[in-house]
J.: 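Attaching a single structure in structure tokens format; questions to follow.
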Amino acid sequence: MAKTRANFVCQSCGAVSNRWQGRCEACNDWNSIAEEGAASGIGAMAARAAVKGRTFTLEGLGGQSKAAPRVVSGMGELDRVTGGGFVPGSVILLGGEPGIGKSTLLIQACAALAGQGHRVVYISGEEAVAQVRLRAERLGLAGAPVELAAETSVEDIIATLQQGRTPALVIIDSIQTMWTQSVDSTPGTVTQVRGSAQALIRYAKTSGASVILVGHVTKDGQIAGPRVVEHMVDAVVSFEGEGGHQFRILRAVKNRFGPTDEIGVFEMTGLGLAEVANPSALFLSGRDAAAPGAAVFAGMEGTRPVLVEIQALVAPSTLGTPRRAVVGWDTSRLAMILAVLEAHAGLRLGQHDVYLNVAGGMRVSEPAADLAAAAALVSSLTGAILPADAVYFGEIALSGSVRPVVHSALRLKEAAKLGFNSAVTPAETAEINARSPMRQASCAHIASLVADIAASGARLKRAAE
Ligand code: TYD
Ligand code: MG
């Protein structure tokens, strides 16, 4: 008989090595290797004798399956992100920085569902029952029939949940505080988090209850603990917000049952989270339209148009290597726009510090924001104020040409709704939307954008004299 010896398995990627190392050679994670029995880890099965499996029937793609009805919370912004309500038997991981409002959001969702007659259970591993009650009272939800407990043992939780009617929704706040006896390691470790998540996912799949696991996020935006939890669950939703701003954005990062580009917008008030039905108005509030360096971008978040202000500051630098700082947008995207402006529009930015900010703490990831960013940069550099009633969208190619983007009609409609009269868009967009009430200035090349802004700046200067 072969001698059984211990294996060293990386807890992050599952790679097996035969000695302990400080760093996993496969995924370069530090301190992730732990000793396990020889019968575990990737590749361990091959070492065992082949096991004869049972056969099962294969089915066609077009067969009939009963679609389970979704559990709709009634909070429009939350249902939008989940793809139209919670899917029975699914598990959602809700990530977010401490204090962002995860517990508040979930207690509100619980109360809304319980009010509809669903059984809802809220398990807190962080706060005592009294604390959760106190919060519910402040939110005016104390009367909702939500079942509460402060527990951390996964086995006890599952045993309790299996009694009585299957809950429609179970909240585990948070997965990092849970521990399971099936795993032989101390609570709070990566192995414990993974083991607890596995047990709770198994519970969700077998019982048909929807489970939400709360996960804390580290400063660099990763859900603390193993990344493996992220691929074990059906959906990963993150709750984000900028310090100092009242509003919070709920964003689907992964969703097996819906689109991943939808966002839900909430505002943190003294009475909990309020849904924001019209985010554009919120993001544009407090706008100083009479200052150079600000352009309004007509963006899309999933199926919803959202207008945000992009602010730029271009100032002569005293440093050898000028500063480039970006908040809410991609740094390499800014570098690209600056390079295109230098190469194809003749601007000299090499001696200037450049700062770019998406107002209100919003994060923009669409290439369609290129044109608005470029307009803000040129406006700041030349000191020419952009028209207050104009929006911008379009993708800039490395050649300097401005390319069309999707959903132009929706973007124009939203801008018109918010009182904007004109749009600077790619040439093709103007043709497609010829009947839009918006005045459209088509912009085929970055050089014409720069020329237009410079000319309007000169006109304004002459008018002022
Ligand atoms: P919480 O939901 O406890 O955050 P998390 O669970 O993500 O750690 O929210 C805590 C913050 O929310 C706290 O700083 C206070 C604020 N808050 C309000 O502003 N209004 C409210 O009605 C509530 C309940 C909380
Ligand atoms: Mg909390």
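Computed from a prediction, not measured in an experiment: that's the story for all the values here. As the structure lists them, so they are numbered: ligands from 1, and atoms in each ligand from 1.
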J.: Would you call Arg135-Glu127 a salt bridge at under 4.0 Å N-O?
T.: yes

J.: So that I can tick it off, tell me whether Asp353 and Arg323 are bridged by a salt bridge, with the cut-off set at under 4.0 angstrom between side-chain N and carboxylate O.
T.: no

J.: Could you go through residues 137-148 and list every donor-acceptor pair under 3.5 Å that involves a side-chain atom there, pairing it with any protein atom two or more places apart or in another chain?
T.:
{"unit_1": "Glu147", "atom_1": "OE1", "unit_2": "Arg119", "atom_2": "NE", "d": "3.3"}
{"unit_1": "Glu147", "atom_1": "OE1", "unit_2": "Arg119", "atom_2": "NH2", "d": "3.1"}
{"unit_1": "Glu147", "atom_1": "OE2", "unit_2": "Arg119", "atom_2": "NE", "d": "3.1"}

J.: Is the shortest distance from a Lys or Arg side-chain nitrogen in Asp330 or Arg363 to a carboxylate oxygen in the other one below 4.0 Å?
T.: no

J.: Between Arg251 and Glu240, is there a side-chain N and carboxylate O pair less than 4.0 Å apart?
T.: yes

J.: Pairs in or reaching into residues 99-112: which pass side chain to side chain donor-acceptor pair (under 3.5 Å), with residues at least two apart or in two chains?
T.: Ser103-Asp173

J.: Using a strict cut-off of less than 4.0 Å between a Lys/Arg side-chain nitrogen and an Asp/Glu carboxylate oxygen, indicate whether Glu77 and Arg304 qualify as a salt bridge.
T.: yes

J.: How would you list, by chain and number, the residues with a heavy atom under 4.0 angstrom from ligand 1?
T.: Glu97, Pro98, Gly99, Ile100, Gly101, Lys102, Ser103, Thr104, Arg135, Arg138, Leu139, Met268, Thr269, Gly270, Leu271, Gly272

J.: Are Ile158 and Leu200 side-chain neighbours, meaning at least one heavy-atom pair lies under 4.5 Å?
T.: yes

J.: Could you pull out the N/O/S protein atoms under 2.8 Å of the Mg ion (ligand 2), ignoring any water?
T.: Ser103 OG

J.: Is any side-chain heavy atom of Lys254 less than 4.5 Å from a side-chain heavy atom of His231?
T.: yes

